[in-house]
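One structure is given below, encoded as structure tokens.
In what follows, chains are A, B, ... by sequence order, proteins preceding strands, each numbered from 1.
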Amino acid sequence: MPIHIEPTDVLRLKQRREFLRVAGAGHKWVAPGLILQARTHMPGEAFKVKENDEGKDGNDANGFRLGFTVSRKVGGAVDRNRARRRLRAAAERVMPRHAKHGNDFVLIGRRATLKRRFQALVGDLQTALRKLDAYEE
RNA sequence: CCAGACGGUCGGAUGGCCGCUCUUCCGGGGUUCGCCCCGGCGGGGAGGAAAGUCCGGGCUCCACGGAAACACGGUGCCGGUUAACGGCCGGCGGGGGCGACCCCAGGGACAGUGCCACAGAAAGCAAACCGCCUGACGGGCUUCGGCCCCAAGGUAAGGGUGAAAGGGUGCGGUAAGAGCGCACCGCGCCGCCGGUAACGGGGGCGGCAGGGUAAACCCCACCGGGAGCAAGACCAAAUAGGGGCGGCAUGUUGAAUUUAUUCAGCAGGCGGGUUUCCGCGCCGCCGCCCGGGUAGGUCGCGCGAGGCGUCCGGUAACGGGCGUCCCAGAUGAAUGGCCAUCUAUCCCCCCUCAUUCAUUUGCGGGGGGUGGACAGAACCCGGCUUAAAGACCGUCUGGCUUU
RNA sequence: GCCGCCGUAGCUCAGGGGUAGAGCGCGCCAUUGGUAAUGGCGAGGCCGAAAGUUCGAUUCUUUCCGGCGGCA
């Protein structure tokens, strides 16, 4: 059965070692409002891309995964939550259409994420995808 | 009206688009009949501090026969309140303020021990450095009145040191002084009166003994078993390993016979470039079952010392009755993102009026910009502490004006 | 989330009521032809912050701030 991916329900990166693996791939772009890291899936690597599939037969090129990180340098809990929510809102507008499948992405919040105008933040994400050669359409 | 004291409430608003999480109900699908998944209409969704983790409890596990004592830790005026508290309320004492009110780590220093640097004569059974006073014998001077030096003694008034020098002020007194005597204040002891008590009032006696430090050891009284929801309980993959059963498989010996099978016993085989010796490592394959247990998941997890209203008791904290409501449950962690308008605030410009030496200051109006303080539940509750814009309400105090 | 520990010179640490030290480092001088080593001299500290106790606090008490570690 072919796996259909809805634009909105993308699997989130949740565990620390997944974040470390993406960071270890070494592909990142620093934009004024955010930092984007990316890692291409290895061939034969089997991930659960949707929550309810069994993660078996090689669907590795058929989706992408996304994680968010905001460190304590940005501020207290309120500021960090706010930065992550703005990143998530920007990702909801850009990623489902333009993110190249078969990748893991990590979005890192910066201090400027709080104050930057939202349209500029969306633009930051798009240019970051282009610079990492992960932009489609 | 101005300035202030105390207590309480709220903590941006409205609309639009796109989302998150929990959930009643409905529909569909799956199911090991426990439930799970998908979709839909509705409903709920951060704080007064959610914070710091400083106290007290509930709850859970561990330890433990009961009680007491000891050790350690905590608390510390008195009475009340509470599930409990180091909280709160009321009172007492001390300090501050014109006042409303505010602040206080506020038991014991004759139970004992220690410490009090430097300075100073002396710092704890007090003490004589300078001074002051008396002044034998002797000496010196003499205007023959006396004066000076010296042994010894008296003295805590004065000087000086210090945070602190053994009651304070005044009068008397004296050789000089001194609670030596007296008055007032302070202090101690003993009755009396008021108060549950802390304590207060007043009386008598005592001539002053008893410096400070207990957030030094300590004494006294009271309280306390330890750990914490990452507590704890349950389900449990892959991989490796443990145990059991069955089947297949290696060599050899023996026996039985149905002549290729069964039974019993023994062990050997493989690995490094080769051989010998020694040492080392591995021992098969398949299936099923069992228990431990990791990742992961589920529960614990929100009806509670609950909120609101009202009545009663109480000065109050608080307690009781009745009615009513159901009010967050996430886990890379939801409760939001974006836009518009309004609004609090602050800044700039212009105008009218008042004011001023002065576009100096202020009320009002208009325009533009900025743009909401501190801060995010993580098992729950009662407090404390800390952080921080602004708005509103009530009670009270001190002024000013008017009546 | 919970539980601990630590903040003293540029760095690593002593000091636990009487006014702050050691080692390394830094500066100057001596030694040497010169450097290192060695020796001498010296600078450098509101003892993380604020209240309180005390005559006096780096030390004792309380409350904050910052850093580090442990617990599935």
Side-chain angles (χ1 to χ4, degrees):
Chain A
M1 130 181 172
I3 295 168
H4 177 64
I5 298 176
E6 293 293 327
T8 49
D9 63 346
V10 178
L11 196 77
R12 289 279 297 277
L13 296 177
K14 289 184 177 178
Q15 296 206 5
R16 175 172 168 76
R17 64 166 185 273
E18 296 175 324
F19 282 84
L20 291 177
R21 192 160 54 182
V22 174
H27 299 297
K28 79 171 180 184
W29 177 256
V30 181
L34 53 87
I35 299 173
L36 180 70
Q37 295 177 326
R39 174 180 178 275
T40 308
H41 293 174
M42 290 320 226
E45 204 174 330
F47 291 124
K48 290 167 70 175
V49 174
K50 281 191 70 178
E51 193 63 56
N52 56 342
D53 78 52
E54 295 300 314
K56 34 183 192 273
D57 34 47
N59 51 25
D60 38 302
N62 276 335
F64 65 91
R65 303 191 301 173
L66 189 55
F68 299 92
T69 281
V70 183
S71 81
R72 262 175 55 196
K73 275 190 293 188
V74 174
V78 174
D79 292 334
R80 299 208 305 277
N81 277 340
R82 182 174 164 81
R84 180 161 33 72
R85 284 164 182 157
R86 296 194 81 201
L87 288 179
R88 204 173 59 199
E92 277 168 10
R93 294 200 178 187
V94 176
M95 301 302 276
R97 269 196 312 222
H98 299 302
K100 187 184 275 183
H101 286 195
N103 281 305
D104 285 349
F105 297 102
V106 171
L107 275 170
I108 301 174
R110 315 182 71 188
R111 189 173 289 281
T113 308
L114 297 170
K115 287 284 185 182
R116 195 159 171 81
R117 289 181 48 78
F118 190 69
Q119 282 310 314
L121 203 59
V122 171
D124 285 345
L125 181 53
Q126 285 172 338
T127 58
L129 281 172
R130 284 197 186 92
K131 291 288 183 180
L132 294 179
D133 203 19
Y135 192 83
E136 285 193 347
E137 294 156 47

Round to the nearest Å and state the distance from [X] atom [atom1] to [N] atom [atom2].
X      : N      : atom1 : atom2 : value
A:N81  : B:U331 : CG    : P     : 14 Å
A:F118 : B:G337 : CZ    : P     : 10 Å
A:R88  : B:C338 : CZ    : C1'   : 14 Å
A:E92  : B:C338 : CD    : P     : 12 Å
A:R80  : B:A50  : CZ    : P     : 20 Å
A:L114 : B:G337 : CG    : P     : 11 Å
A:R93  : B:C20  : CZ    : C1'   : 16 Å
A:L87  : B:A333 : CG    : P     : 12 Å

Could you tell me the separation between the [atom1] atom of [X] and the [atom2] atom of [Y], rounded to the nearest 0.5 Å?
X      : Y      : atom1 : atom2 : answer
A:H27  : A:R39  : NE2   : CZ    : 9.5 Å
A:R84  : A:D79  : CZ    : CG    : 12.0 Å
A:R88  : A:L107 : CZ    : CG    : 12.0 Å
A:I108 : A:L36  : CD1   : CG    : 8.5 Å

Q) Starting at the 5' end of RNA chain B and moving along, which residue's nearest nucleotide shows up first, A:T69 or A:A77? A)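 Mapping each residue to its closest nucleotide by heavy atoms, the 5'-most match is A:T69.
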Q.
On RNA chain B, does the nearest nucleotide to A:A90 precede the nearest nucleotide to A:D79 from the 5' side, or the other way round? Give the residue.
A.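 Taking each residue's closest nucleotide, the earlier one in sequence belongs to A:A90.
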Opposite nucleotide pairing with [N], Watson-Crick or G-U, both atom distances under 3.5 Å:
N      : value
B:G287 : B:C245
B:U397 : B:A3
B:G39  : B:C26
B:C59  : B:G228
B:U258 : none
B:U9   : B:A391
C:G17  : none
B:G181 : B:C171

Please tell me which of the listed nucleotides, [options], lies nearest to the side chain of [X]?
X      : options                : result
A:R86  : B:C338, B:G332, B:G376 : B:C338
A:R85  : B:A375, B:G332, B:G336 : B:G336
A:R117 : B:A334, B:G337, B:C339 : B:C339

Which label fits [N], syn or anti, where anti is any glycosidic angle not within 90° of 0?
N     : value
C:G16 : syn
B:G48 : syn
B:A46 : syn
B:G74 : anti
C:U54 : syn

If we take the [atom1] atom in both [N] and [M], what is their distance in whole Å?
N      : M      : atom1 : value
B:G383 : B:C2   : P     : 37 Å
B:C396 : B:U75  : P     : 41 Å
B:A84  : B:A305 : P     : 14 Å
B:G47  : B:C381 : P     : 13 Å
C:G4   : C:A57  : P     : 31 Å
B:A127 : B:A109 : C1'   : 23 Å
B:C55  : B:U385 : C1'   : 11 Å
B:C85  : B:C78  : P     : 16 Å

Q: Test A:F105 against every option in A:L66, A:L132, A:L13 by the side chain to side chain contact (heavy atoms under 4.5 Å, CB included) rule and name the one that passes.
A: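 Result for side chain to side chain contact (heavy atoms under 4.5 Å, CB included) with A:F105: A:L66.
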**Q.** A:R84 side-chain N/O to B:G336 phosphate OP1/OP2 under 4.0 Å
**A.**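 So the side chain of A:R84 is outside the cut-off, no N or O lying under 4.0 Å from OP1 or OP2 of B:G336.
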(Q) With a 4.0 Å limit, can you tell me whether A:R82 has a side-chain N or O closer than that to the phosphate oxygens OP1/OP2 of B:G336? (A)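 The answer is no; no side-chain N or O of A:R82 sits under 4.0 Å from OP1 or OP2.
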Q: Determine the interplanar angle of the A:F64 and A:H101 rings, folded into 0 to 90°, and report it as parallel if under 30°, tilted if 30 to 60°, perpendicular if over 60°.
A: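 Tilted.
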Q) Tell me the side chain to side chain donor-acceptor pair (under 3.5 Å) pairs involving residues 107-117 of chain A, sequence neighbours left out? A)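 Residue pairs with at least one partner in residues 107-117 of chain A: A:R116-A:D124.
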Q) Is A:F68 stacked on the base of B:G332, with ring centres under 5.5 Å apart and planes under 30° apart? A)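 Per 5.5 Å and 30° rule: no stacking.
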Q: Could you tell me whether A:R97 and A:E136 have a side-chain N and a carboxylate O separated by less than 4.0 Å?
A: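 A salt bridge is absent here (no side-chain N lies under 4.0 Å from a carboxylate O).
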